[in-house]
Protein chains: 2
Amino acid sequence: MTIATATRFRQVCAEHGLTATHQRQILFEVLQGMTGHPSPEKVYAKVKRRIPSVSLATVYKNIHLFIASGIFREVSLHHGSLRVEVNSRPHHHLVCTVCRSISDIDEKDLGLLQKPKTLSSGFLVERYAVDVLGRCPSCQEKP
Amino acid sequence: MTIATATRFRQVCAEHGLTATHQRQILFEVLQGMTGHPSPEKVYAKVKRRIPSVSLATVYKNIHLFIASGIFREVSLHHGSLRVEVNSRPHHHLVCTVCRSISDIDEKDLGLLQKPKTLSSGFLVERYAVDVLGRCPSCQEKP
DNA sequence: TTACAGATGATAAGAATTATTGTTTAATAA
DNA sequence: TTATTAAACAATAATTCTTATCATCTGTAA
Ligand SMILES: [Mn+2]
Ligand SMILES: [Mn+2]
Ligand SMILES: [Zn+2]
Ligand SMILES: [Zn+2]
């Protein structure tokens with residue numbers, strides 16, 4: 001870790017009211033150096049190289065803390081348990097970032113996309129799934 | 001169950017090459033009668049009212065079977081484990097429906113949306129997350 | 001009707017995540 | 001600097017969700 005990195009980490013912690021612990025700093029640096037969408041286990045493996053005594057629970061807790069603070073995001077808000085889609089109409093989803101409730105919105109009511117069927121990357125498109133992220137009516141009351 | 005429903009179920013099974021068992025029929029009817037995005041436990045509870053001896057494992061297995069056959073969908077392809085987003089640029093995701101790999105696509109390269117900031121439903125929009133579902137290059141080889 | 005591949009129910013096992021608890025540490029003020 | 005204390009930590013038990021195993025049963029087609 002460079003002095004600059006360390007300083008920036010302390011700044012980030014100050015901004016979000018977090019205690020600047022050694023474990024958090026290494027986790028922060030490890031995450032910044034990773035690509036893709038790593039799992040907690042993958043992150044843990046990397047942190048452990050630099051802090052052999054680190055606990056998996058600490059990695060989980062601090063990933064959640066970083067996410068709650070907005071320092072990092074999670075890839076998907078619905079990574080929990082399996083849910084069955086029983087609505088056969090073409091539709092998308094309104095996902096509340098606070099309570100994680102999911103409600104349907106008809107494709108036409110969203111009215112926003114012209115969907116390219118091919119992408120330069122060689123990916124064969126089947127369909128688009130849009131999550132509109134935000135706050136549901138009942139979660140707008142408390143700030 | 002009406003005769004019509006039973007007949008339609010047999011037809012669906014025939015189309016997809018599935019054995020038409022009693023458990024599957026009740027599951028099918030229960031799913032069709034539900035709204036929202038039920039969990040396997042919720043579905044199990046309803047099936048159990050009509051077949052008290054049914055096993056949770058059977059419900060899981062047949063939900064997966066229905067999904068694999070395309071009779072129902074799952075709400076999200078990434079409902080597995082937590083993944084950290086370490087890419088801070090505005091981007092969306094290409095999700096392979098076969099191997100479930102997730103790769104990034106820059107917002108501008110997707111180039112498709114004009115995003116309404118308000119929705120009639122009273123939902124407060126923060127941002128949009130688009131999953132482009134389809135087949136990644138390596139999964140296009142096998143049909 | 002019978003044979004049998006495939007489905008079911010009971011339950012053990014596994015994977016991912018969270019809770020608990022005793023110990024250690026970072027921040028702050030004397 | 002050192003003492004104080006709330007917060008964070010490591011270790012690990014517990015919980016939740018899902019899948020695997022296996023003995024028994026059943027739907028299908030000959
Ligand atoms: Mn839906
Ligand atoms: Mn991404
Ligand atoms: Zn909400
Ligand atoms: Zn693929």
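To find a chain, count down the sequence lines: A is the first, B the second, and so on, and within it residues start at 1.
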Checking C/dA27, C/dA16, D/dT18 against the side chain of B/Ser81 (C-beta onward), the nearest is C/dA16
How about CZ on B/Arg100, more than 12 heavy atoms from neighbouring residues, nucleotides or ligands closer than 6.0 Å, or not?
yes
Is the number of heavy atoms from other residues, nucleotides or ligands under 6.0 Å of A/Lys42 NZ greater than 12?
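Count not over threshold, so no.
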Please state how far atom [atom1] in [X] lies from atom [atom2] in [N], giving the value in whole angstrom units.
| X | N | atom1 | atom2 | answer |
| --- | --- | --- | --- | --- |
| A/Tyr44 | D/dT12 | OH | P | 11 Å |
| A/Ile26 | C/dT25 | CD1 | P | 15 Å |
| A/Tyr60 | C/dT18 | OH | C1' | 10 Å |
| A/Glu41 | C/dT18 | CD | P | 13 Å |
| A/Glu74 | C/dA16 | CD | P | 16 Å |
| A/His79 | D/dC17 | NE2 | C1' | 13 Å |
| A/Leu82 | C/dA15 | CG | P | 19 Å |

For the residue pair A/Phe28 and A/Phe72, does the interplanar ring angle fall in the parallel (under 30°), tilted (30 to 60°) or perpendicular (over 60°) class?
perpendicular
Could you tell me whether the side chains of A/Ser76 and B/His78 share a donor-acceptor contact shorter than 3.5 Å?
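The criterion, which ignores hydrogens and geometry beyond distance, is satisfied for B/His78 and A/Ser76.
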Where do B/Arg24 and B/Thr19 come nearest, in terms of heavy atoms and distance?
NH1-O, 2.8 Å
Measure the shortest side-chain to side-chain distance between A/Arg83 and B/Glu74 over non-hydrogen atoms and say whether it is less than 4.5 angstrom.
no
Report the distance from atom CD of B/Glu29 to atom NZ of B/Lys46, rounding to the nearest 0.5 Å.
13.0 Å
Enter the distance from A/Ile71:CD1 to A/Leu27:CG here, rounded to the nearest 0.5 Å.
9.5 Å
With the sugar-phosphate defined as primed atoms, P, OP1 and OP2, and the base as all remaining atoms, what B/S/- string results for nucleotides 5-12 of chain C, 5' to 3', for protein heavy atoms under 4.0 Å?
--SBBBB-
Please report the end-to-end axis angle for the helix from C/dT1-D/dA30 to C/dA30-D/dT1, five pairs per end, rounded to 10 degrees.
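If I round to tens, the end axes sit 30° apart.
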Listing, residues 31-38 of chain B side-chain donor-acceptor contacts under 3.5 Å, not counting sequence neighbours, or none:
{"residue": "B/Gln32", "atom": "OE1", "partner": "B/Arg8", "partner atom": "NH2", "Å": "2.7"}
{"residue": "B/His37", "atom": "NE2", "partner": "A/Glu85", "partner atom": "OE1", "Å": "3.4"}
{"residue": "B/His37", "atom": "NE2", "partner": "A/His93", "partner atom": "NE2", "Å": "3.2"}
{"residue": "B/His37", "atom": "NE2", "partner": "A/Asp104", "partner atom": "OD1", "Å": "2.8"}

